[in-house]
Number of protein chains: 2
Amino acid sequence: MSRNKRDELIRNALKIFYRNGFNATGMDLVAKETGVSKTSIYNHFRTKDELILAVLRLRDEDFRNWLFRRMEDLADTPQGQLLAMFDALEEWFAEDGYQGCMFVKASAEFQDAENAINRQSYAHKVLLEDHLTRLTEAAGCDAPRALARQLLILKEGAIVLAAMSHDKAPAREAKSVAQQLLSGA
Amino acid sequence: MSRNKRDELIRNALKIFYRNGFNATGMDLVAKETGVSKTSIYNHFRTKDELILAVLRLRDEDFRNWLFRRMEDLADTPQGQLLAMFDALEEWFAEDGYQGCMFVKASAEFQDAENAINRQSYAHKVLLEDHLTRLTEAAGCDAPRALARQLLILKEGAIVLAAMSHDKAPAREAKSVAQQLLSGA
DNA sequence: ATAAATATTTACAGATCAGTCAATGTGAGG
DNA sequence: CCTCACATTGACTGATCTGTAAATATTTAT
């Protein structure tokens, strides 16, 4: 299987898992929807969990690339970019098929703290926190690490509530909190 | 089956589903761990989904009772109670076996917006929002509904991050944001 | 005590689960 | 053209899934 084929398999599997959930999605469905036979899939991924991990690696890169790029496109200053995160989120929430954060859901379905999927899901959040911390530092905020964590809490809360309410409003509500936090810095 | 037996079945099922996840938990396991045979369970709940709905109803009552009671115990004024919510959350996060919010997880596993489990999960959040709104109104805040929603975002973000990081710190971090929001009112 | 009603059990059905294997298809090097 | 290495397949395994049916135990009413 070529690199491209493999990547496309992962990309298609991502869509299915995101739409259907991890445990609720059987490998037969993955095979059927990707057009790749189950044996072929298992030739490249030893277990379903390994396929899920590959999916999460792709999603981690895609999502961070998209979010950080969008923040840079929407604002010039570090402080502006931090606020623009919530505008980017609002765009995401408004997308058709928005179903919340894939990592939160993976973490919810694979709860064991020792599980690789659980650990990798949290690792994504750490990378987000790191980026936010760099921005709060660049913005010259007082307590950059603490502020970054607060902004991350706002982001996660908005993501969860937008998914549950099927409404993008939490993005703006979280943004207004972020504005107060950043203006007081 | 007596009311008590039935309630205890629901209570035991709650523990199993919370620990194991919904889709990942088979009815055979529920029967084994509750000591009630599968046929008996199906005599009282037509489907697994109905059992899950009963579990969520119990969890909704239990959790709101516990949280609101705890907030009242920890503070006298409405504003103090709103802040105390995050102290109560911190106690919850520190409990053994804390695994995040059952409704967020139910919503993540049953994503269809028309699904009864999905709807009931969101209904729980609406009830929480209503209570917070009553408190922000009682506290004489400027925009009570908007503030309540912001506090709810902080709560949900803290719950998710505490679960993913296996750390209770998000409770305090969210509380410090709440303090800024409430002091500016 | 006895009969009717209800609760519970064991055993099972049909579907689907993750994962495998023998057989087939395919493409590159000689 | 031929061969060999490899990719891919459909058919399969044993386990587990939700849900059920017939048989048994237990409670209740008379």
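Just the heavy atoms: all of them, side chains too, but no hydrogens, waters or symmetry mates, feed the values below. Given the structure is predicted, the values throughout are model-derived calculations rather than measurements. So that the names make sense, note that chain A is the first sequence line, chain B the second, and so on, each numbered from 1.
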A:K32 atom NZ is separated from D:dG10 atom C1', nearest whole Å, by 16 Å

A:A24 vs A:R46, nearer the 5' end of DNA chain C by closest nucleotide:
A:A24

Return the value, rounded to whole Å, for the distance between atom OH of B:Y42 and atom C1' of D:dG19.
5 Å

Spacing of A:L9 atom CG relative to D:dA7 atom P, expressed in whole Å:
15 Å

When the distance from CG of A:L29 to P of C:dA15 is rounded to whole Å, what number comes out?
18 Å

So for B:T39 and D:dA21, does any side-chain atom that can act as donor or acceptor lie under 3.5 Å from a complementary atom in the base?
yes

Do B:K168 and B:E173 meet the salt-bridge criterion of a basic N to acidic O distance under 4.0 Å?
no

If you compare every side-chain N and O of A:H44 against the phosphate oxygens of D:dT8 (OP1, OP2), does one of them come in below 4.0 Å?
yes

A:K38 NZ - D:dT9 C1' separation (whole Å)
12 Å

What is the distance from CE of B:M27 to C1' of C:dT16, rounded to the nearest Å?
17 Å

When you compare the side chains of B:Q99 and B:K105, does any donor N or O come within less than 3.5 Å of an acceptor on the partner?
no

Looking at every non-hydrogen atom in both residues, tell me the closest pair between A:L29 and A:I16 and how far apart they are.
CD2-CG2, 4.0 Å

Answer yes when B:R64 and B:D60 have at least one side-chain N-carboxylate O distance shorter than 4.0 Å, and no when they do not.
yes

Whichever of B:T25 and A:S37 has the more 5' nearest nucleotide on DNA chain D, that residue is A:S37

Just the rounded figure in Å: distance from C1' of D:dC6 to CG of A:N43.
9 Å

Whether the side chain of B:K48 and the base of D:dG19 hold a donor-acceptor pair under 3.5 Å is what I'd like checked.
no

Calculate the interatomic distance between B:R6 atom CZ and C:dT6 atom P; express it in whole Å.
17 Å

